[in-house]
Structures are given as C-alpha cells and as structure tokens.
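Every value quoted in this text rests on a predicted model; they were computed, and no experiment measured them. For the single chain, residues carry numbers from 1 onward in sequence order.
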Amino acid sequence: MPVTSTTTSKTTAPAEGAASRKGGLPRGGRRKREFTTRRGLGIAAYLAPAALFVAVFTYYPMIAGGQMAFRNWKLTDLTDTSWVGLKNFGDVFADPAWGTVLTNTAVWVVGSIVPQLVIGFALALWLRRRFRLRGLYQALIFFPWAISGFLIGILFRWMFNSEFGVVNDLLQKAGLVDEPIAWLADPDTAMIAVLVANVWYGVTFFAIMILAALQSIPDELYEAAALDGAGKARTLFQITIPYIRTTLALTVLLRVIWIFNFPDLIFGMTGGGPNNETHIVTTWMIKITQQGDYGRASALGLLVVAALLVFAVFFLMATREKKGARA
C-alpha cells in the first residue's frame, strides 16, 4: 500500500501540471489576455477624447497658422487672402527692425542663460549641503518659479522706475550714482534691466534641476576623491560635472527654448521699447499680430520653429554621450 500510494502521487502530480498547462494557464496561474478587435476598439474609445482635444487645440491651430504664412492674411482686408508664396518671409527680412530684433534676441538668450547657469549651479551646490533651516532656504529660492513671468515684469518695472524705484534708491544711498537713472526709457540700459529681471527669475529652474541631479551622485565618489587628495576644483570638474553632464545639457536646451519664447517679462517691463531696443523675435511677432498682419506674423513664427529645431538637433549632437561614457 505505501508503495502504491507513493507511485500514485508521483504520477498524478505531473498529470495535474500537464492539465494546468493544457488549459492555457502560465506558470504564474494568470491567463494571458489575447488582443482582440473588441479590446482594441475599447482602448481606442478611451484614447479618442484626448486625441481629439490635442488635434483640435494643438495641431489644427499649428496647421492653420502655418498656411497663413504663405497667404496675404491681414485683418484690414479679409476679402483678399490669396496665396503669396514666400512674400511674407521676404517682408520680415526686409523690415528695418529685423537686424535690431535679431541682435536683441541673441543678447537676450546668451545674457540670460550664462548667469542663470552659473548662479543656479552655485546655489544647487550650496543647497546640497546639510545645514540648519535648509528647507526654508530652498522654499525662498524656489518661490519665484511659481509666479507668472508677466507679473515678474510688472514688479521689476516698478523697481526700475526712474522716479521712485527701489533700484535707484539703493544705488543713490550706496553712493554709486548721483542722480536717478531712467533704466527703462534709455536704450542703453533697458536691455540690462530686463536681463537682470530674467536672470533673477530663471536661476530657480537651474537650481531645482541641478540640485536634483547632484543628489543622485554617490557619496562614495567624494569620499574616494578626498582620500586621493583631490581639491574642491578638481572634484567639481572631474566628478560632479561629468556625472551630471546629461542633466546639464538637457536643462540648458530646455531653458534656451523657453527664453527664446518668453515675451511675458519683456512685455510686462518695456513692451519692446524704447525704439525696439528690447524687442526679441517673439515680442516682435506679437506686435505684428496686434497690427493685424497675420501673414507676416505667421511667417515669423515658422522661422522661430525652424531655428529652434535646428538648434536642438545640433545641440544634442554636440552634447551627445560617447559610447561607454557615464549617462
């Protein structure tokens, strides 16, 4: 009897396993659902509202706006929207303000990115250390990012006011200037004022992104560097920066695109004046739109998209990680 019982248990166990596999159940005991037409239609039904929303409010305006660039589309005469080809692009390049706007855009982007990156990196390195009231300092530094860019522009417009602005008041009390400076009315100082405001506003973004990347660096790397006698500068350029190089590259790329398309602060401070000295491409495009020339504004918009696409491709190629390098 014991022998028979043992034999039975040995023979029935594989039979049960075979029956289990025969029934189509995987080893985990869960049946794999097959993709059917009904299931596919269900998935499509769930995705349809989001896809329709994106198509109506994103892609349709893009296509409609893009075709305006090749038509004579002006609010002053909607009866004539004929096809004009590249005429609107030629009008953009022939405009006397084009050279000034292009130069202002380059100054605006470079003059904002470099200080934001340097100051944001320094703040991130400082906030990585543990000290008392660290959370309070982080909240104060990250606070500007929660405010609208247009409101920041209005705030700094009052601060740089030539009559009762706090900037002139502080400079006079410090003995750096003898009389108030007309920051926003003088073509030589207006761009400086908007750059100061944008640097203050954008430092937060770099600090947040770089601080998050710094916290992923293992402490063992710094301990090993300290044992090897590496100083702070060597540790920074041989450990910290190479380790977060990908984050730095993507952060700079995103910030360049955002600053290029950031007319809010300039409109809040100067409106592009005086005499177009603070107009960048996007603020100039809005000004042309307000004048009713939608065809020329659309042409300028397509030029902006093309320029940013080319920049993004070349920037990513230039900062691409080599095979075997740290990600």
Side-chain angles (χ1 to χ4, degrees), residues 100-127 137-211 248 251-284 286-287:
T100 302
V101 170
L102 209 57
T103 303
N104 291 343
T105 304
V107 173
W108 169 252
V109 174
V110 177
S112 298
I113 281 291
V114 175
Q116 286 179 8
L117 175 60
V118 173
I119 299 173
F121 203 128
L123 285 174
L125 289 174
W126 177 57
L127 291 173
Y137 282 107
Q138 286 182 343
L140 292 175
I141 291 173
F142 297 161
F143 174 71
W145 198 245
I147 306 176
S148 164
F150 185 75
L151 292 179
I152 295 293
I154 295 176
L155 172 65
F156 273 88
R157 184 176 67 186
W158 288 104
M159 291 176 62
F160 280 101
N161 187 280
S162 59
E163 297 180 4
F164 45 80
V166 65
V167 174
N168 278 329
D169 184 58
L170 292 175
L171 291 175
Q172 285 181 295
K173 288 181 177 178
L176 298 177
V177 296
D178 298 327
E179 57 183 16
I181 301 174
W183 291 97
L184 304 180
D186 189 343
D188 296 328
T189 57
M191 181 57 77
I192 297 175
V194 294
L195 282 174
V196 169
N198 196 33
V199 168
W200 180 85
Y201 182 62
V203 160
T204 297
F205 177 76
F206 278 101
I208 293 173
M209 299 297 292
I210 296 174
L211 178 60
L248 288 175
T251 304
V252 170
L253 175 61
L254 288 174
R255 196 69 189 124
V256 166
I257 294 174
W258 288 346
I259 290 176
F260 201 97
N261 291 293
F262 188 50
D264 313 39
L265 191 145
I266 292 178
F267 261 103
M269 289 186 68
T270 64
N275 194 26
N276 295 329
E277 289 300 324
T278 57
H279 262 310
I280 60 174
V281 173
T282 47
T283 60
W284 194 43
I286 295 174
K287 179 183 177 181

What I'd like to find out is whether the side chain of [X] reaches to under 4.5 Å of the side chain of [Y], using heavy atoms alone.
X      : Y      : value
Pro180 : Glu163 : no
Gln116 : Ile259 : yes
Phe206 : Val118 : no
Leu265 : Trp108 : yes
Leu117 : Ile210 : yes

For the pair Phe205 and Trp258, name the ring-plane relationship: parallel under 30°, tilted 30 to 60°, perpendicular over 60°.
perpendicular
Contacts of Met159 that satisfy side chain to side chain contact (heavy atoms under 4.5 Å, CB included) - sequence neighbours left out:
Leu155, Phe156, Val166, Val167
Non-neighbouring partners of Thr100 that pass side chain to side chain contact (heavy atoms under 4.5 Å, CB included), sequence neighbours left out
Asn104, Glu277
Closest non-hydrogen atom pair between [X] and [Y], with its separation:
X      : Y      : result
Ala182 : Ser162 : CA-CB, 3.7 Å
Gly111 : Val199 : O-CG2, 3.9 Å
Val107 : Leu195 : O-CD2, 4.0 Å
Pro274 : Pro187 : CG-N, 3.9 Å
Pro263 : Thr283 : CB-CG2, 3.4 Å

What distance separates [X] [atom1] from [Y] [atom2], expressed to the nearest 0.5 Å?
X      : Y      : atom1 : atom2 : answer
Leu176 : Ile181 : CG    : CD1   : 9.0 Å
Leu102 : His279 : CG    : NE2   : 14.5 Å
Phe160 : Thr270 : CZ    : OG1   : 12.0 Å
Leu123 : Ile208 : CG    : CD1   : 11.0 Å

From the list Asn161, Asn168, Thr189, side chain to side chain donor-acceptor pair (under 3.5 Å) partner of Trp183 resolves to Asn168
Side chain to side chain contact (heavy atoms under 4.5 Å, CB included) with Ile266: which of Ile280, Thr282, Asn198, Ile286?
Ile280
Under the side chain to side chain contact (heavy atoms under 4.5 Å, CB included) rule, what do Met269 and Thr278 come out as? Steps first, then yes or no, please.
CA-CA 10 Å; Met269 289 186 68; Thr278 57; over 6 Å; no
Got a sec, which pairs hit salt bridge (Lys or Arg N to Asp or Glu O under 4.0 Å) with one end in residues 171-189, sequence neighbours left out?
Asp169-Lys173
Intermediate values then yes/no, side chain to side chain contact (heavy atoms under 4.5 Å, CB included), Trp284 and Thr105
CA-CA 10 Å; Trp284 194 43; Thr105 304; over 6 Å; no
When the ring centroid of Trp158 is compared with that of Phe164, is the distance short of 6.0 Å?
yes
